[in-house]
Participant: 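I'd like to ask some things about the structure below.
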Amino acid sequence: MTGVETATPAATTPAATTPAATTPAATTLAMPRFVGRDVPLARLTDTLDHPPAVVLVEGEAGIGKTRLVTEWLDAHPGRRTLLTACPPFRQPHTLGPIVDAVRRATGSVRSLRLSDLAGVLRPLFPEWAEHLPPAPEPLEDLTAARHRLFRAWLELLGALNVDTLIVEDAHWADEATLEFLLFLTARHPPAGPSLVVTYRPEDVPAGSLLPRLSSRQGSGPARAALTLEPLDVAGTAGLVSSMFGDGHISEAFAEFLHQHTEGVPLAVEESVRLLRHRGDVVRRGDGEWARRSLAELQVPAMIRDSVLERSQRLGPEARRILDAAAVLGEPVDEALLSTVAGLDGQDTADAFEEVISLRLLTEGDRHRLAFRHALTARAVYDALVPTRRRHLHLRAGRALESARPLPVARLARHFREANAVPEWIRYTEAAVDLAVEALDVTPAVAALNDLLTEAGLEAAVDLAERGRLGARLATLAIRREQIDQRHRTVIATLRGILDGGGIDVRHEAEIRYGLGRLLVRVRAADEGRAELERAADQLVHEPGARASIMAYLAWPLTSTWPARRHRMWLHRATMILPMVREQHHVIELVGMLAAARLFLGDEQGWAVAATLSTEGTTARERREIAGARSNIGAAAIVWGDYAEARRQLDLGREVSLTEEQGWPLMLILGMRVELDLISGAWPGLREKAGALAEADDPDGPINLDVARVLGALRALDGDLDGGEAILRRALDHATANDQFTASIALAAEVGRVRLARRDPAGAIEVTDGPMRRLEAKGVWVWGTEIGPVRAQALAAAGEPAELARLVAAFTDGLDGCPAPAPRAALAACQAFLSETSGEFALAAAGFERAVTAFGALPRPLDSLLAREGAGRCLIAAGDPGRGLAVLGEVFRDLTELGARADADRVAGRLRRDGVEVPRPWRGGRRGYGDQLSPREREVVRLVVAGHTNRQIAAALSRSPKTVSSQLNSAMRKLGVTSRTALAVAVVQSESGLTD
């Protein structure tokens with residue numbers, strides 16, 4: 001005999017005296033009421049009431065994300081919404097979920113007012129081609145092309161009057177869809193529809209762009225991030241009660257359900273439906289719903305068990321429909337379901353009624369049928385016998401071959417799962433073609449890689465076909481900029497193809513070329529260049545590609561190779577250049593070879609640069625022109641020809657703006673602000689660099705030129721800690737990514753900061769690695785930034801032998817190279833060597849030569865620092881009057897330039913020598929010049945007493961960072977480098993620490 005597990009309601013008689021439980025009632029379970037979500041619904045509503053808004057709704061499967069969105073939609077029938085869900089399988093088709101949603105929302109674009117920009121939508125909507133503008137000229141720059149496509153999408157959504165775009169299951173979204181969502185959320189000023197995105201955080205793949213949606217901060221659309229939590233016991237009881245017509249639910253029953261479902265609404269609902277169908281939920285005579293004691297049957301904890309047991313109640317025809325729906329995996333009409341299930345006639349209609357009545361499938365827009373939840377579909381799919389699953393996938397593929405437009409991504413999936421290799425290859429390549437046409441290479445690379453790594457594929461295709469597919473994968477993979485796990489997976493695939501052998505030389509060369517480029521990106525540079533060298537010798541059939549490889553190998557900015565090896569490849573590339581016919585290749589090669597020569601200190605690079613085409617007839621040619629101008633401009637900065645650098649960068653910027661090429665444009669703008677820093681054009685520079693930093697993707701790579709400018713300016717203004725933090729982060733990034741030239745400049749800036757702290761050992765340490773690499777490479781044209789900083793540090797640290805070695809190597813390295821910037825830097829290094837040797841008159845003359853050389857470039861800060869050295873050496877040589885006069889002029893000019901920290905240092909020297917120097921007021925609270933402020937005096941007093949920084953911070957109620965900054969400032973003003981020396985200086989000071 002079964003009992004009833006119940007709880008005693010407060011207003012009823014004890015359980016022992018209540019009537020016996022009734023048999024299971026015939027009550028039909030209702031759709032559960034919306035329970036426990038009042039707060040998130042209010043936040044969703046409030047945020048969307050301030051369009052354009054962005055709302056992210058996260059939660060585990062079955063938690064109620066779709067229900068939340070549905071409740072909002074029902075409450076706002078006047079909103080023009082576009083609702084789509086991302087399918088759980090890879091779809092190598094740009095913006096696939098949104099494309100499908102637009103197709104469902106409108107049958108034609110004939111009546112829409114669209115600009116010429118909408119022509120880029122033709123590949124996505126081939127059925128609307130006659131009503132769309134002509135396709136514009138393709139852009140080779142993926143970033144620019146993607147930006148143009150997204151603008152066209154924004155225009156289309158506007159023409160459809162979409163005010164809210166809802167994207168569900170975004171954890172399954174393709175990369176292009178996520179990039180489009182990021183595009184919508186990043187527009188300033190805000191434009192376009194509001195956005196609601198639902199996703200499961202536990203199913204977001206590593207490297208996904210989805211987390212960036214929630215990481216974007218600052219001005220822009222109204223934002224809300226909603227996390228749906230499971231229901232508590234009371235919420236669970238309320239949900240179950242609503243399914244039973246608001247009948248009372250026993251406390252024990254509610255607790256039991258909560259324990260086994262953890263309060264996930266869909267799990268609660270499915271479990272109750274299973275129990276109800278089994279007759280394990282009964283209504284007591286007092287009206288309370290309770291469960292039977294389940295000694296024989298246990299309520300499953302997972303939804304899967306619930307779904308499978310319910311599906312077993314279906315008749316054979318209905319079960320075939322359910323199986324077909326699980327294989328198709330998306331909303332489809334009855335005709336397609338019937339075809340895949342192999343049904344027709346009256347039995348089919350009855351079967352559809354059966355699966356709908358049991359709520360296993362539901363009818364949506366355009367009478368399409370789908371599972372109520374992806375978990376339900378997955379449970380049915382996983383339960384299929386493998387042979388039946390393959391058979392159904394084959395039937396689905398055959399049925400979909402008649403659809404128009406041809407759903408190539410779905411066809412590739414079905415034929416793959418059916419193990420129909422020829423069709424799988426054919427439709428995979430068709431899907432790849434679509435993705436490439438839309439410049440969406442990520443799904444194309446994923447599809448080809450999956451194809452080539454499938455077990456048993458080698459037996460199904462010959463080696464020629466495998467080599468052809470591998471070459472195409474290699475070609476596409478190097479167009480992906482993102483370095484992630486997929487990047488490394490492709491490397492393993494390409495290696496496997498090469499190791500297998502037997503492919504023709506042409507395809508082998510193309511695979512080695514792609515593999516080499518990919519290996520370099522993952523910092524396996526030596527291995528990557530070895531593959532590229534082999535490819536260069538094999539690609540005799542492609543002179544353009546062959547010359548590109550050679551030019552790449554001649555490029556000296558990242559490799560650890562010595563200069564002579566780069567020059568060898570430079571010579572070979574130059575010899576092949578006349579054989580190249582494609583104009584875009586010619587432009588690319590001329591730009592690379594000219595810049596490579598200049599970066600190697602070869603004056604002939606200017607003659608090569610003069611032959612560069614100034615105008616392009618195609619988008620690709622113009623893209624190459626912009627890149628070439630960027631490279632030559634960078635080389636001009638290294639040489640010290642700043643007028644030519646500005647000319648080249650401005651030409652590149654003009655082309656980039658015209659062609660909407662974001663990548664070279666950001667590089668060019670970064671170099672422009674760096675050039676402003678070097679040449680002393682500082683008014684407004686902090687604001688310009690800050691704007692560029694804000695425009696950068698916060699999760700993307702650091703713009704190292706911008707970081708250098710921002711860090712250097714903070715340090716020059718006296719914030720040594722803040723400046724070094726910015727510079728150090730950028731230096732670490734440059735070092736980790738083998739960006740050698742950037743690491744040289746950044747190490748020099750960090751070295752300057754440490755010299756300002758009177759820490760020459762620290763300056764030597766940070767410049768040591770980059771300097772060793774520069775020496776090993778033998779390209780001293782890059783020595784402008786780092787040479788003088790290291791020379792000053794070696795001089796201050798008392799290492800004359802190492803300084804002499806540096807000057808000798810610098811001198812030999814510039815032999816025959818007339819570049820003015822490194823020659824000015826060499827003059828400064830020679831002056832430091834003379835000063836260290838005690839030859840002060842000779843050193844003063846050397847510093848004056850550096851003053852003239854730096855001033856001619858112009859590099860005003862370096863010129864003034866060299867003039868400071870001249871004044872210092874004049875005093876040491878016995879001419880204090882002249883030396884102090886020079887230092888006075890340096891102080892004045894540094895102040896006017898805005899080099900606050902350097903001006904303060906020179907002022908301190910002048911005051912110690914008895915020269916009265918005005919204390920400039922820089923706004924805000926007036927400072928104390930080279931005298932200790934009251935707060936600095938408090939810190940110093942406790943240092944003299946033997947307290948640590950942390951003890952001082954506690955005693956003065958300040959942060960340890962503030963104490964450290966004040967202590968460094970006091971040490972700088974008193975000209976000491978240690979706490980012991982500080983204590984001695986304070987004791988010897990006439991004023992002591994009295995106020």
Side-chain angles (χ1 to χ4, degrees), residues 680 682 712-723 752-760 763 788-789 792 795-796 828 835 844 847-848 850-851 854-855 860-877 879-937 939-940 965-977 981-982 985-986 988-993:
W682 294 359
L713 288 177
R714 286 190 68 169
L716 287 165
D717 199 40
D719 183 2
L720 300 181
D721 289 341
R752 285 181 189 266
V753 173
R754 293 183 177 179
L755 286 171
R757 287 202 180 96
R758 301 178 184 271
D759 179 16
V789 173
Q792 183 179 355
E835 183 181 15
F847 278 123
E848 287 295 349
V851 169
F854 278 129
L861 178 60
D862 292 302
S863 181
L864 288 170
L865 295 178
R867 188 148 175 74
E868 178 190 359
R872 183 177 64 244
C873 289
L874 286 172
I875 295 172
D879 192 353
R882 186 178 164 203
L884 291 172
V886 168
L887 290 180
E889 294 169 358
V890 170
F891 167 74
R892 179 198 63 206
D893 294 343
L894 285 172
T895 302
E896 291 178 359
L897 182 64
R900 175 179 178 176
D902 292 309
D904 287 346
R905 182 188 63 253
V906 176
R909 171 62 191 265
L910 287 169
R911 292 190 187 101
R912 286 194 296 274
D913 285 337
V915 178
E916 187 66 29
V917 179
R919 305 182 188 277
W921 180 58
R922 300 181 173 97
R925 188 175 64 186
R926 294 183 181 272
Y928 294 85
D930 62 345
Q931 300 300 310
L932 299 185
S933 70
R935 293 172 68 82
E936 290 167 347
R937 290 169 179 266
V939 171
V940 171
S965 177
Q966 291 168 344
L967 180 58
N968 287 336
S969 175
M971 293 169 69
R972 185 176 66 252
K973 290 177 180 180
L974 294 175
V976 297
T977 58
L982 176 67
V986 168
Q988 293 177 345
S989 171
E990 293 182 358
S991 59
L993 292 176

Participant: Given the rule in the side chain to side chain contact (heavy atoms under 4.5 Å, CB included) test, do L716 and L861 qualify, once you have shown the distances and angles that lead to the verdict?
Facilitator: CA-CA 10 Å; L716 287 165; L861 178 60; 3.8 Å; yes

Participant: Taking the side chain as everything from C-beta on, heavy atoms only, tell me whether D913 gets closer than 4.5 Å to I875.
Facilitator: yes

Participant: So do D717 and L713 actually touch side chain to side chain, heavy atoms under 4.5 Å?
Facilitator: no

Participant: Within this structure, what is the CG-CG distance for the pair L755 and L720, rounded to the nearest 0.5 Å?
Facilitator: 11.0 Å

Participant: Between R752 and D902, does at least one N-O distance fall below 4.0 Å, as a salt bridge requires?
Facilitator: no

Participant: At their closest point, which heavy atom of A850 faces which heavy atom of A828, and how far apart are they?
Facilitator: CB-N, 3.8 Å

Participant: Within a strict 4.5 Å, meaning less than it, do heavy atoms of the L887 and F891 side chains meet?
Facilitator: no

Participant: Salt bridge check, E835 against R872: does any charged N sit closer than 4.0 Å to a carboxylate O?
Facilitator: yes

Participant: Looking only at heavy atoms, what is the nearest atom pair of V753 and A715, with distance?
Facilitator: CG2-CB, 3.7 Å

Participant: As an exercise, state the distance from CG of L874 to CZ of R867, rounded to the nearest 0.5 Å.
Facilitator: 8.5 Å

Participant: Less than 4.0 angstrom from a charged side-chain N to a carboxylate O is my criterion; do R911 and E916 meet it?
Facilitator: no

Participant: List the atom of A870, the atom of E848, and the distance in Å for their closest heavy-atom pair.
Facilitator: CB-OE2, 3.6 Å

Participant: Please examine the side chains of V890 and R909, heavy atoms only from C-beta on, and report whether any two atoms are closer than 4.5 Å.
Facilitator: no

Participant: Specify the closest pair of heavy atoms between G680 and P860, including all atoms of both residues, with the distance to one decimal.
Facilitator: CA-CG, 3.6 Å

Participant: Side chains of R757 and D721: does their closest heavy-atom pair fall under 4.5 Å?
Facilitator: yes

Participant: How long is the straight-line distance from CG of L865 back to CZ of R905, given to the nearest 0.5 Å?
Facilitator: 6.0 Å

